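To start, the structure under review is shown below, and the notes come after it.
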Amino acid sequence: MDILELLTTRRSCKTLSAPAPDELQLDTIFQAATQVPDHGDLKPWRFVAIQSEEGMQRFQAALRETAITLNMGEKTLQKAERIGKFAPLVIGVIASPKEGKPEWEQHMSAACAAYAIQLAAKAQGFDNVWITGLWTNAPVLQREFECTEKEKIIGLIMIGTAENASDEPKNWDVSEFVTNW
Ligand SMILES: Cc1cc2nc3c(=O)[nH]c(=O)nc-3n(C[C@H](O)[C@H](O)[C@H](O)COP(=O)(O)O)c2cc1C
């Protein structure tokens, strides 16, 4: 896919099934993720790739535990089950700030890595969506991802093959967002 076409038409997808990227495609995704702007070359990110049966079970158990611990009722528990089976590949993106540059800059860099994951997956024919919510904020997944106090899970990128056609590109009138000097 042409890169400008990708950038100007990309949409998220929330109905994902197998296949997921293979090992080589996944490696390309991580090459893209680590090619992002990075002030001070601090590499303020790390990733957890969840795709094995055992990994998926661990992920599902963490979501279930989150819903139970937060005591948010049956609906949340059902949501946990749904998200646990959402996609054949989940990449947890963790902002991992280092000493040397402002923390907010490093979080931005990690966010760029998350977006690069989305783009590199899409460029190889795989749809995806970036989610967060109570799952990434609650302590259970932070414990499972072995996050330090400074680290933050900034996204779960759910990746797979779209079950439905992509949504239309947004085609905004960009003058709404742009001031010309
Ligand atoms: C940091 C971040 C967190 C997000 N968290 C969620 C989420 O928890 N649940 C959700 O449905 N969408 C979430 N989204 C939005 C989706 O990833 C997606 O952008 C949205 O559904 C719009 O689709 P589009 O990307 O095709 O415009 C999040 C986006 C970002 C950037």
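Counting starts at 1 for both ligands and their atoms, in listed order. This chain uses plain numbering: 1 for the first residue, then up along the sequence. Note that the coordinates shown come from a computational prediction; the quantities given were computed from them, not determined experimentally.
- Atoms of ligand 1 found under 4.0 Å from any heavy atom of Gly133, numbered from 1 in the order shown, are 8 (O).
- Atom 9 (N) of ligand 1 has Ile131 CG2, 3.9 Å as its closest protein atom, hydrogens excluded (heavy atom only).
- The nearest protein atom to atom 13 (C) of ligand 1, hydrogens excluded, is given as Trp130 O, 3.3 Å; this is a heavy-atom distance.
- For atom 10 (C) of ligand 1, the closest non-hydrogen atom on the protein side is Lys14 NZ, 3.8 Å.
- Closest to atom 8 (O) of ligand 1 among all protein heavy atoms lies Thr132 N, 2.9 Å.
- Looking from atom 23 (O) of ligand 1 to the surrounding protein, the closest heavy atom is Ser12 OG, 3.5 Å.
- Glu146 has no carboxylate O lying under 4.0 Å from a charged side-chain N of Arg46, or vice versa, which leaves the two without a salt bridge.
- A donor-acceptor contact closer than 3.5 angstrom is absent between the side chains of Arg10 and Thr8.
- The distance from ligand 1 to the heavy atoms of Lys170 drops below 4.0 Å at these ligand atoms: 24 (P), 27 (O).
- Annotation for Glu5: atom CD counts as buried by contact number, over 12 foreign heavy atoms lying within 6.0 Å.
- Salt bridge present: Lys150 and Glu99 bring a charged side-chain N and a carboxylate O closer than 4.0 Å.
- Judged by distance alone, the side chains of Gln51 and Glu23 do bring a donor and an acceptor atom under 3.5 Å apart.
- Shown in contact with Arg10 at under 4.0 Å from a heavy atom are these atoms of ligand 1, numbered in order with element: 24 (P), 25 (O).
- The atoms of ligand 1 that sit less than 4.0 Å from any heavy atom of Val129 are 16 (C), 17 (O).
- Rounded to the nearest 0.5 Å, atoms CE (Met158) and CD (Gln118) are 12.0 Å apart.
- No more than 12 heavy atoms of other residues, nucleotides or ligands sit less than 6.0 Å from atom CD of Gln35.
- Under the 4.0 angstrom criterion for non-hydrogen atoms, Asp167 is not in contact with ligand 1.
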